[in-house]
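Written out below as structure tokens is the structure these notes cover.
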Protein chains: 2
Amino acid sequence: MAFSKKEEFTKEDMRLADIAKALAHPARIRILKILNSMNSCMVGNIVEQLPLSQSTVSQHLKELKRVGLIEGEIDGPKVCYCINNKTLAKAKKEMDKLYSIICNC
Amino acid sequence: MAFSKKEEFTKEDMRLADIAKALAHPARIRILKILNSMNSCMVGNIVEQLPLSQSTVSQHLKELKRVGLIEGEIDGPKVCYCINNKTLAKAKKEMDKLYSIICNC
DNA sequence: ATATTATATCGTATATTTTCGATGAACGAT
DNA sequence: ATCGTTCATCGAAAATATACGATATAATAT
């Protein structure tokens, strides 16, 4: 965004927006679902299941890693990704709090 | 995104990503909080509370309206916005379902 | 040592988002 | 009828996101 004004908001609102941003692409939603459904979680396996190139998938993994929702562990020439349940649980809690603030239901 | 591939994902994943996208900016998080905290919800009141120009705020309102999280009602020369609790509750339910799928917690 | 495999990163093209000021449209008041 | 108020939209600029192929890196296998 042109001369981004994001720093003028609260840390809490920025964190919520950042978590939401990480989820704001169907490929990343799909990746999270795949990671939870499979025992194995090598990049190659993920790429196979997405209609995207390896480099693009790598970028989506990077974005999920950036906010801490997933972690990658190097395993020889491969990298094994998995969901960071702790961060994810925390993210869910933060989102729940938001909904409790904004939703009369 | 260059020649977007989003249509190659499921409707569910795209909807989840779309909801997340609407929340993926601190200004929009803030707007939802403001709308819930105030009885009055004219655009002017919202603009006052954000470090953004009127036209920029109008665009953020448009994005929230696009996914159905808020509604605007014309009231003379003013427009009164409010949260669409039905859509918001549905969005929360969809997000909860996602978390239940991807989170071991 | 070299080749193979797996993944990340770079460079680049295109699309989208964010922002603003200016303008337009709709309404109420004078 | 004109003026001020309120808000949406337009046009433009800059930033960010998405995507790909090519290349780099790192580990294993030969």
Side-chain angles (χ1 to χ4, degrees), chain A residues 1-9 13-14 17-31 34-35 38 40-67 70-82, chain B residues 1-9 13-14 17-31 34-35 38 40-67 70-82:
Chain A
M1 63 229 69
F3 25 105
S4 175
K5 293 228 170 160
K6 281 189 185 163
E7 60 292 330
E8 310 211 27
F9 296 92
D13 288 351
M14 286 193 290
D18 216 33
I19 293 166
K21 186 157 74 76
L23 300 176
H25 194 291
R28 295 195 288 270
I29 299 281
R30 189 85 192 88
I31 287 169
I34 290 169
L35 285 184
M38 293 179 68
S40 160
C41 46
M42 295 176 330
V43 176
N45 288 329
I46 301 167
V47 173
E48 277 173 8
Q49 299 178 62
L50 292 176
L52 298 169
S53 73
Q54 178 266 316
S55 61
T56 301
V57 171
S58 189
Q59 293 217 144
H60 284 304
L61 290 168
K62 194 179 180 181
E63 170 67 9
L64 288 169
K65 205 164 50 176
R66 185 185 64 80
V67 293
I70 67 171
E71 279 171 343
E73 196 185 347
I74 293 167
D75 172 25
K78 306 185 178 182
V79 177
C80 192
Y81 278 97
C82 60
Chain B
M1 61 227 78
F3 25 104
S4 177
K5 293 228 169 160
K6 282 190 182 159
E7 60 293 329
E8 310 211 25
F9 295 93
D13 288 352
M14 287 194 290
D18 215 35
I19 293 166
K21 186 158 73 76
L23 300 176
H25 194 291
R28 294 194 289 270
I29 298 281
R30 189 86 192 86
I31 287 170
I34 290 168
L35 285 185
M38 295 177 67
S40 161
C41 46
M42 294 177 331
V43 175
N45 288 328
I46 301 168
V47 172
E48 275 172 11
Q49 299 179 62
L50 292 176
L52 298 169
S53 73
Q54 179 265 316
S55 61
T56 301
V57 172
S58 190
Q59 294 229 142
H60 284 305
L61 290 168
K62 193 178 178 181
E63 171 66 9
L64 288 169
K65 206 165 49 175
R66 185 185 63 80
V67 293
I70 67 172
E71 280 171 344
E73 196 186 347
I74 295 168
D75 172 25
K78 306 185 178 182
V79 177
C80 192
Y81 278 97
C82 60

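Only this structure's heavy atoms are used, side chains among them; waters, hydrogens and symmetry mates stay out. Throughout, protein chains are lettered first and strands after them, A, B, ... in sequence-line order, and every chain is numbered starting at 1. Here the structure is a predicted model, which means the values were calculated and not measured.
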Interatomic distance, [X] [atom1] vs [N] [atom2] [rounded to whole Å]:
X	N	atom1	atom2	answer
Glu63(B)	dT9(D)	CD	P	14 Å
Lys78(B)	dG4(D)	NZ	C1'	13 Å
Asp75(B)	dT5(D)	CG	P	17 Å
Ile31(B)	dC7(D)	CD1	P	13 Å
Ile70(B)	dA8(D)	CD1	C1'	13 Å
Ile74(B)	dG28(C)	CD1	P	11 Å
Leu23(B)	dT17(C)	CG	P	14 Å
Asp18(A)	dT18(C)	CG	P	13 Å

Which atoms form the tightest heavy-atom contact between [X] and [Y], and what is the distance?
X	Y	answer
Leu23(B)	Ile29(B)	O-CD1, 3.4 Å
Cys80(A)	Cys41(A)	SG-SG, 2.8 Å
Gln54(B)	Val47(B)	CA-CG2, 4.0 Å
Pro51(A)	Glu8(B)	CB-OE1, 3.3 Å
Tyr81(B)	Leu35(B)	O-CD2, 3.6 Å

N or O in side chain of Lys21(B) less than 4.0 angstrom from dT16(C) OP1/OP2:
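Answer is no, no contact under 4.0 Å.
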Can you check whether His60(B) has a side-chain N or O nearer than 4.0 Å to OP1 or OP2 of dT17(C)?
no
Which atoms of nucleotides 8-12 of chain C (N or O only) lie under 3.5 Å from a protein N or O atom, and what are those distances?
residue: dA8(C); atom: OP1; partner: Tyr81(A); partner atom: OH; Å: 2.4
residue: dA8(C); atom: OP2; partner: Ser58(A); partner atom: OG; Å: 3.0
residue: dA8(C); atom: N7; partner: Gln54(A); partner atom: NE2; Å: 2.8
residue: dA8(C); atom: N6; partner: Gln54(A); partner atom: OE1; Å: 3.2

Are the side chains of His60(A) and Val57(A) in contact, using a 4.5 Å heavy-atom criterion?
no
Of all the nucleotides listed (dA19(D), dC20(D), dT18(C)), which has the minimum atom distance to the side chain of Arg28(B)?
dT18(C)
Checking the side chain of Arg30(A) only, and the main-chain atoms of Ile46(A) only, is there a donor and an acceptor separated by less than 3.5 Å?
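A pair under 3.5 Å: no.
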